[in-house]
Amino acid sequence: MMADNKTKLRVAVAGLGAIGTDVVKALDQGIEGLTLVAVSANSPDKHRGWVAELQSAPELVTIEQLADVADIVVECAPSKVVRSIVAPVVERGKTAVVLSVGALLQNEDLVDLARAHGGQIIVPTGALIGLDAVTAAAIGTIHSAKLVTRKPVAGLLGAPHLVENNIKIEGITEPLRIFEGSARDAVKGFPANLNVAVALSLAGIGPDRTRVEIWADPTVTRNTHRIEVDSDSARFSMMIENIPSENPKTGRITALSVIACLRKLRASLRIGT
Ligand SMILES: NC(=O)C1=CN([C@@H]2O[C@H](COP(=O)(O)OP(=O)(O)OC[C@H]3O[C@@H](n4cnc5c(N)ncnc54)[C@H](O)[C@@H]3O)[C@@H](O)[C@H]2O)C=CC1
Ligand SMILES: O=C([O-])CC(=O)C(=O)O
C-alpha cells in the first residue's frame with residue numbers, strides 16, 4: 001500500500017447501491033487510518049445532493065478515474081464493470097476490495113495483474129460465513145466443500161438460469177431446488193446471487209470442485225447460506241440467515257462485512273484470520 005502508518009490511506013467506492021451507500025456513510029463517519037476521497041455512480045446526478053453533504057466531501061468521478069485518486073478502491077457495482085474498476089487499481093500496485101466476486105472467474109488474469117504489479121485483491125466474507133475456517137482448512141487438505149443457498153422468490157427473479165431454462169418460480173408454494181452443480185456454473189446462472197459460492201470456492205478447493213445447491217423457497221424471508229466442509233483438520237457446517245437489504249438479492253450484513261474488512265486494514269487490534 002502507498003501510505004505509511006502515519007498517513008491515512010485514501011479510499012474510493014465504486015457503485016452507490018445497497019452496499020456502496022452504507023460503506024460510504026461508514027467511511028464518512030470515520031474508520032481508523034482511512035479517508036474517503038472519491039465515489040463513482042452510474043447516474044451521478046442522482047447522488048450529487050447527499051454526497052455533497054458528507055463531511056469528507058468525496059469527489060464524484062468515473063470508475064476509470066478512481067485508481068488515480070485512491071489507494072484502495074471498493075467495488076460495489078454490477079459484475080459487468082468489475083474489470084474496468086479493478087484492472088487500473090491493481091496495475092498501479094494498489095488494493096481493490098471486490099464484492100462481485102463471481103466476475104473474478106471470467107477475469108482470472110486480474111489476479112496475475114495484481115501479482116505482477118504488487119497490487120492486491122481483497123474479497124471480504126460478504127454475505128457468507130466461515131471463510132476464516134475455510135482458508136485455514138485449505139492450508140491442509142479439504143476433501144469436500146458445499147454451499148446450499150435458499151432465497152425467497154423475490155431474491156432470485158430474473159436470474160439467467162431461470163430465464164434460459166424457462167423455470168417459473170413466481171407463485172410456488174413449496175421449496176424448489178432450481179440448481180445443483182459447480183460454483184463456476186452457479187455464478188454463471190445466478191450472477192447477482194451466487195457471489196458467495198465463488199468466494200467459498202476461492203477460499204477452499206476452487207470453482208469446479210465446490211458443489212452448490214440453490215433453492216427458491218417461499219417459506220423463508222431471509223437469504224440463507226449453509227456451508228459444509230470436510231477436511232483433514234476439521235469438519236464444519238455453518239449457516240447464516242441474512243435479512244435482505246433494500247436490494248432483495250443482497251443481505252444487509254454484506255455492507256457490514258465490507259466495513260469490518262476496511263476497519264481491519266489499519267486497526268491496532270485485529271481479530272480473526
Ligand atoms: N460478495 C458478496 O457476498 C456479495 C456480493 N454482492 C454483489 O455486490 C455487488 C453490489 O451489490 P448491491 O450494492 O446490492 O447492488 P446494487 O444494484 O444495489 O448497486 C450497484 C450500483 O452500482 C451502480 N453502477 C452500475 N454501473 C456503474 C458504473 N459504470 N459506474 C458506477 N456505478 C455503477 C448502479 O447504479 C447501482 O447503484 C453486486 O454485484 C452484487 O451481486 C451482493 C451481495 C453479497
Ligand atoms: O445473500 C446475499 O446477500 C447475496 C448473495 O448471496 C451473493 O451475492 O452471493
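Counting from 1, the numbers follow the sequence of the chain as shown. All ligand and atom numbering here is 1-based and tracks the order in the structure.
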Measure from every N or O atom of ligand 1 to the protein's N or O atoms and keep only the pairs below 3.5 Å, writing each with atom names and distance to 0.1 Å.
{"residue": "ligand 1", "atom": "1 (N)", "partner": "Leu99", "partner atom": "O", "Å": "2.9"}
{"residue": "ligand 1", "atom": "3 (O)", "partner": "Ala127", "partner atom": "N", "Å": "2.8"}
{"residue": "ligand 1", "atom": "13 (O)", "partner": "Ala18", "partner atom": "N", "Å": "3.3"}
{"residue": "ligand 1", "atom": "13 (O)", "partner": "Ile19", "partner atom": "N", "Å": "2.9"}
{"residue": "ligand 1", "atom": "14 (O)", "partner": "Asn247", "partner atom": "ND2", "Å": "2.9"}
{"residue": "ligand 1", "atom": "14 (O)", "partner": "Thr250", "partner atom": "OG1", "Å": "2.7"}
{"residue": "ligand 1", "atom": "18 (O)", "partner": "Ala18", "partner atom": "N", "Å": "2.9"}
{"residue": "ligand 1", "atom": "32 (N)", "partner": "Asn42", "partner atom": "N", "Å": "3.2"}
{"residue": "ligand 1", "atom": "37 (O)", "partner": "Gly17", "partner atom": "N", "Å": "3.4"}
{"residue": "ligand 1", "atom": "39 (O)", "partner": "Ala77", "partner atom": "O", "Å": "3.0"}
{"residue": "ligand 1", "atom": "39 (O)", "partner": "Ser100", "partner atom": "OG", "Å": "2.7"}
{"residue": "ligand 1", "atom": "41 (O)", "partner": "Asn195", "partner atom": "ND2", "Å": "2.8"}

Arg92 with Asp68: basic N within carboxylate O range, under 4.0 Å:
yes

Hits for side-chain hydrogen bond (donor to acceptor under 3.5 Å, both in side chains) against Ser56, two or more places apart or cross-chain, chain-then-number order -> Asp28

| said: Is it the case that over 12 heavy atoms from other parts of the model lie below 6.0 angstrom from the CD atom of Glu170? | reply: yes

Inspect the contact between Asp22 and Lys25 and indicate whether a charged nitrogen and a carboxylate oxygen are less than 4.0 angstrom apart. no

Dump the pairs for me: ligand 2 N or O, protein N or O, distance under 3.5 Å, to 0.1 Å.
{"residue": "ligand 2", "atom": "1 (O)", "partner": "Lys151", "partner atom": "NZ", "Å": "3.4"}
{"residue": "ligand 2", "atom": "1 (O)", "partner": "His225", "partner atom": "NE2", "Å": "2.8"}
{"residue": "ligand 2", "atom": "3 (O)", "partner": "Gly251", "partner atom": "N", "Å": "2.5"}
{"residue": "ligand 2", "atom": "6 (O)", "partner": "Lys151", "partner atom": "NZ", "Å": "3.2"}
{"residue": "ligand 2", "atom": "6 (O)", "partner": "Asn193", "partner atom": "O", "Å": "2.8"}
{"residue": "ligand 2", "atom": "6 (O)", "partner": "His225", "partner atom": "NE2", "Å": "3.1"}
{"residue": "ligand 2", "atom": "8 (O)", "partner": "Asn195", "partner atom": "ND2", "Å": "3.1"}
{"residue": "ligand 2", "atom": "9 (O)", "partner": "Asn193", "partner atom": "O", "Å": "3.1"}
{"residue": "ligand 2", "atom": "9 (O)", "partner": "Asn195", "partner atom": "N", "Å": "2.9"}
{"residue": "ligand 2", "atom": "9 (O)", "partner": "Val196", "partner atom": "N", "Å": "2.8"}

* Could you please spell out the steps behind the side chain to side chain donor-acceptor pair (under 3.5 Å) verdict for Gln65 and Ser40? => CA-CA 9 Å; Gln65 292 169 310; Ser40 184; over 6 Å; no

Please determine, by modelled atom types, if Asp217 and Thr219 share a side-chain donor-acceptor pair under 3.5 angstrom.
-> yes

Residue pairs meeting side chain to side chain donor-acceptor pair (under 3.5 Å), one or both in residues 187-210, sequence neighbours left out, come to Arg184-Asp208

| said: Please check if the number of heavy atoms outside Arg83 that lie under 6.0 Å from its CZ is greater than 12. | reply: yes

### Query
Are the side chain of Ser245 and the backbone of Asn247 linked by a donor-acceptor contact shorter than 3.5 Å?
yes

